[in-house]
Every structure is written in structure tokens, then in C-alpha cells.
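Counting starts at 1 for both ligands and their atoms, in listed order.
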Amino acid sequence: MAGNTSVRFPDRMFVDGDSVFASDRHRTPCFDPSTGESVGGAPRGSAADVDRAVDAATRAFYGEWRRWSPHDRAVVLLRLATTIDEHRDEIAALDTINMGRPYDRTLDDIRMAAEVFRYNAGAADKLEGTSVPISSEFVDFTELVPLGPTAHIVPWNFPFGMAVRSVAPALAAGCTVVLKPAEQTPFSAIRLAELAHEAGLPSGVLNVVTGMGAEAGAAFVGHHGIRGISFTGSRATGQLIMQTAAGRVTPLVLELGGKNPLVVFPDANLPDAISQSVEAAFDNTGQVCSAASRILLHDAIANEFIDRFAERCDGLTIGGAMQSPDLGPLAHASHFEKVSGYVDRAKKAHRLLYERAVHDMPDHGWFSPPAVFEVEDYSSELWRDEVFGPVVAVARFSNEKEALRLANDTEYGLVAGVFTSDVSRAYRFARSLETGSVWINGWSLGGFQAPTGGIKQSGFGKERGMAGLSHYTSIRNVAVRLVESIDDAEKE
Ligand code: NAI
Ligand code: MG
């Protein structure tokens, strides 16, 4: 698919089985970051719209959805996966045009999203409890019970993939869903709800309210009808959500980004480590919670690594996202301002090792040149903050202990990677890293079957895999006292 003429940007959100405008008819504008041009807009939902959506999700949860067997839930989610496959080009175009992720990559994301539905559908009727051996006087067992209506607040960096990552397990577990996409990227979430309805999901089970975080998002978080919240986004917003959720003790899954170290030892396969690192740092133009934003290099290979890394960066194609370049633009204007600010300040504070030539950058849209800085001041913002753009901080180390200290020198704890051909070192190092995921000789390893999620200020709770599904159920324990022993029963 080329150009955006054949793609329809939905202009209504989806509540209780219907496409609706905001009750006050307000809208938020949306843009194509490859050009800066408008691509329409979506409803700016208010607290009143949130009430309607939560009411619908509550009625569906206590009504029809609860009567569906786990197997029937699986069947409809499998049908939705097929429907997503059939609309892959369209969904990918919506996200590519509206967010700026290269089209070929977005197609892969949508393919993956359909598989995520299949994975969770397959688990729906295998959410088994346990029987607990206590004594001959008791039968004790557990059941996994769906939480109820759940709110899912997702960011703009992978609009469809992030939505599906938490919505699929929630639905498989038997919860109902209200989904709030980021205000910048509302379209594919709306299509998800429309397609789910077409696939046979009952009205009210999956609702989408578009709009602002501080309005619709905050209203969901504080809503008395919401029994669980999944949030992916910034640490600052995660902290706000945690405070509000405390008011009703609503359980949370928080995925709050990272400042992820990629560590290269001299015994690594260097060409492989370099190509993996370029991808790790610049996939999605660095707008990835698990981007390699700190690259730690052993002194023995640092200069060679940097030279060859820079050569690779010069070869990256950069351009309009629908043309499937290696690097698209940043997702929106204010994010471009944020990243540019970091780069400008970094140029004053650190040694610039590499920056892509300005004349290689498209002259329209929100394109930010890949840049690499050497950092020696570990209190600097470039070392500490999640920049969320094509900007890498490089540091050097001379031994394993120093590498470990640098790697863990962050308030975040999402992912880390280590490149080495020494198996003992790989495991030893992996065990000492303070992150939720560790990748050895690669990056972004592990599929949707493997749990991911941070520690420290990267958040808590896991996404993906069976661990991701577990957040949408709670364990109910049922204990039965056997009033008579078998000998007493015999006497009658
Ligand atoms: P954000 O965390 O403010 O927004 C993410 C989602 O939360 C959006 O849907 C937004 O509407 C919603 N939201 C915002 N304020 C809210 C509130 N008070 N209550 C409920 N929901 C609310 O992220 P933002 O401002 O778009 O980006 C800022 C920075 O956050 C980025 O530069 C990046 O560093 C980080 N980020 C991290 C992501 C990750 O994958 N962990 C994804 C997106 C951003
Ligand atoms: Mg924000």
C-alpha cells in the first residue's frame, strides 16, 4: 500500500457496540509525522463518556460475557485474530501514517498482534485452579476469577501492538475492557473495537474512549467501576495513576520505560554485536521502552565499535514511514521538541561521537538525526533520563565489575543486554543485572510467550506470556469442611 488515499481514519470512538462522538462533540486533531499534515481527528472523550463506557463494560461483565464459557471466549478471540489478519494492511497503514513507524515494521507488529490474540485464546480454557492438600477434614481448591471491567491506558509508540498486548489477555481471562489510546494515535484502537464487534464480541465487552490523558485517562483510573488497570507510558504519569488508583485500591500493571544498558565485552562477535546494537538503539526511531539507550563498551573494543557503529548509522535509510525506511520520524511535534532539547543540551555537555548529516534528513516532518554521545558524567540527564529518540549514550569500562556498576546505575530496571562469547560470564552478569529481562547476544529476544516487565522504577507486573494473563484474574480459594469422617458416616 502506498500513499494514504485509500485509508479511512475513523472519526468516532466505540462504546457499547456503537460508533459514537464525544457527548460534547469535542475532538482532538491528529497528524502524519512524516509530513506534519493533518489526518483528521478523534473524539475528545470526557468524564461523561467514560461513565458510559464503564457502565457498558459493567453490564457486559455481569451479563452476557460472564455467561460465555471459556471455550466460547476462545472461539471469538480466534475469529478476531483472523479478522485482524484480513485487515492487516489497513491497520498497519493507520498506525504508520499516524505514528511514523515504517510500514514494513508495522505490518510485522499487526501480524504479531493477531498471534497474541491466538496465544491468549488458546489459554482461555486452561486457566485451571489447584487443589490444596490440607487434611482429611477439608477439600480445598482454588479458582481463577476474572477481575471485572478493566481499564487499559496505552501509549503512542506502538499503538495497535500495545493495545492488544493487554486487551487480549484481559478478554481471554473473562474481563471486560475500556481502552484509552494515546491522544496522538487513536485510530487503530478504534478499528480494533469495531473489528472485534464484527467478529462477534458482544456489545460492551470492548469499548474505546479516545481523548486526553488528564481527562478521559484520569477519569478511568479513578472510576468506581474499574477493577484493574494496565498502563504503559511515562514514569511521571505512572506515578499519578498509582496515586489515584490508591483511592480505591485498584490493582495495577505499570510499564514505565527504561534506560537500558547494552554491554559489549571484548570476546563478543563484534560485527554481530554492532548490527544488533544499531537495531536495538534505533528501531522505531528509539521510541521503544526497551531501546538500548546506553551502550557500554570495553576499552579494548570501544574505538573500533564506535567507528563501525557510525558507518552503519550512515547507511540507514531515513524517510516517510509509508516507504518503509529504516528510520521514520518521531511520532509527534511535542515529542520532537523534547528530543531536540535533549540533543541540544547534550552537545554542550558531552562529546558528540556521531550525528547523521542534516542534509540526509527529510525537510518535512519531525525527523531527528541519529546521534551518539560519549558520557563521563553519570549524573547528567543524558545518562539518567529516558530520551525516547534516536540518541545513544556511550560509556567505556575496563572490567566486568565496572560494567556491572554502570549497567545498574539507573533508577529504571526494564531490560539489559550482554554480548560475550564466554558462557560463564554471560550467566554471571545476567544474574547481577537489576532488570526484568536480560538478553544475551541479542536484543528484544523472546516472543509474546515470554513475560516482560520491569523492576525498580520501570514498574511492576508482567506483560505477555501466562504471567501477563495472570493479572486479569484473581485467585479465589474455596475450602470445604467435611462434617463427618468416613467412620461416622458408616454408623448411620
Ligand atoms: P504519558 O505517559 O503521559 O502517556 C501515555 C498514556 O497515558 C496516553 O494514553 C495518555 O493519554 C495517558 N495519560 C496521560 N496522563 C494521564 C493521566 N493523568 N491519567 C491517565 N492517563 C494519562 O506519555 P507521554 O506524555 O505521551 O510521553 C512522555 C514520555 O513518556 C516519553 O517521552 C517517553 O519517555 C515516555 N513514554 C514511555 C513509553 C513506554 O513504552 N514505557 C510509551 C510512551 C511514552
Ligand atoms: Mg504525558
Shortest reach to atom 6 (C) of ligand 1 by a heavy atom, considering only Val221, Thr237, Val154: Val154
Would you call Asp16 and Arg59 a salt bridge, taking side-chain N to carboxylate O under 4.0 Å as the test? yes
Atom indices of ligand 1, in the order listed, that fall short of 4.0 Å to a heavy atom of Gly217: 19 (N), 20 (C), 21 (N)
What protein heavy atom sits nearest atom 11 (O) of ligand 1, and how far off is it? Glu183 OE1, 2.6 Å
Suppose we measure from atom 32 (O) of ligand 1 to each protein heavy atom; which comes out shortest, and what is that distance? Lys338 NZ, 2.4 Å
Could you find the nearest protein heavy atom to atom 22 (C) of ligand 1 and give me its residue, atom name and distance? Gly213 CA, 3.3 Å
Does Glu183 pair with Arg44 as a salt bridge, N-O distance under 4.0 Å? no
Closest to atom 36 (N) of ligand 1 among Gly257, Ser334, Gly233, Pro155 (heavy-atom distance): Gly233
Heavy-atom contacts with His335 under 4.0 Å: which atoms of ligand 1 show up? List them by number with element. 32 (O)
Could you tell me which atoms of ligand 1, counted from 1 in the order shown, lie closer than 4.0 angstrom to a heavy atom of Leu240? 18 (N)
Heavy-atom distances under 4.0 Å are what count here, so tell me which part of Val288 touches ligand 1: side chain, backbone, both or neither. neither
For ligand 1, which atoms, with element, lie under 4.0 Å from some heavy atom of Ala218? 19 (N), 20 (C)
Answer yes when Arg384 and Glu381 have at least one side-chain N-carboxylate O distance shorter than 4.0 Å, and no when they do not. no
Passing candidate, salt bridge (charged side-chain N to carboxylate O under 4.0 Å, His left out) with Arg101, options Asp109, Asp95, Asp108: Asp109
Backbone of Val15 reached by a side-chain donor or acceptor of Arg52 within 3.5 Å: no
Identified side-chain contact (heavy atoms from CB on, under 4.5 Å) partner of Met13 from the options Pro43, Pro181, Pro186: Pro43
With Arg165 as the cation and Phe448 as the aromatic partner, state whether NZ or CZ is under 6.0 Å from the six-membered ring centre and within 45° of the axis. no
Near Glu255 (heavy-atom distance under 4.0 Å), the atoms of ligand 1 are 41 (N)
Would a 4.0 Å cut-off, counted as strictly less than, catch a protein heavy atom around atom 25 (O) of ligand 1? no
Is ligand 1 under 4.0 Å from a heavy atom in the side chain of Pro181, in the backbone, in both, or in neither? backbone
If you scan protein heavy atoms around atom 35 (C) of ligand 1, the nearest is Glu386 OE1, 3.3 Å
For atom 40 (O) of ligand 1, closest protein heavy-atom neighbour: Cys289 CB, 3.2 Å
Does the plane of the ring in Trp439 sit parallel, tilted or perpendicular to the ring in Trp443? Use 30° and 60° as the thresholds. perpendicular
At what distance is the nearest protein heavy atom to atom 28 (C) of ligand 1, and which residue and atom is it? Ser234 CB, 4.1 Å
Take Asp85 and Arg118 through the side-chain contact (heavy atoms from CB on, under 4.5 Å) test and state the conclusion after the steps. CA-CA 11 Å; Asp85 283 336; Arg118 291 193 178 97; 2.7 Å; yes
In terms of side-chain geometry, is the basic nitrogen of Asp409 or Arg294 positioned less than 4.0 Å from the acidic oxygen of its partner? no
Can you name the atoms of ligand 1, numbered from 1 with element, that are less than 4.0 Å from a heavy atom of Leu256? 41 (N)
List the closest protein heavy-atom neighbour of atom 12 (C) of ligand 1: residue, atom name, distance to the nearest 0.1 Å. Ile153 CG2, 3.6 Å
Regarding Arg8 and Glu194, does a basic nitrogen lie under 4.0 Å from an acidic carboxylate oxygen? yes
Carboxylate-amine/guanidinium proximity below 4.0 Å for Glu376 and Arg351: no
Within reach of ligand 1, part of Gln287 (heavy-atom separation under 4.0 Å): neither
At a 4.0 Å cut-off, with the gap strictly under it, does some heavy atom of Gly389 reach an atom of ligand 1? no
Residue pair Phe373, Val343: steps toward the side-chain contact (heavy atoms from CB on, under 4.5 Å) verdict: CA-CA 9 Å; Phe373 294 91; Val343 172; 4.3 Å; yes
Could you find the nearest protein heavy atom to atom 27 (O) of ligand 1 and give me its residue, atom name and distance? Trp156 NE1, 4.0 Å
Between Glu411 and Lys259, is there a salt bridge with N-O shorter than 4.0 Å? no
In terms of its nearest heavy atom to atom 44 (C) of ligand 1, the top option of Phe388, Tyr342, Phe231 is Phe388
Can you check atom 3 (O) of ligand 1: any protein non-hydrogen atom closer than 4.0 Å? yes
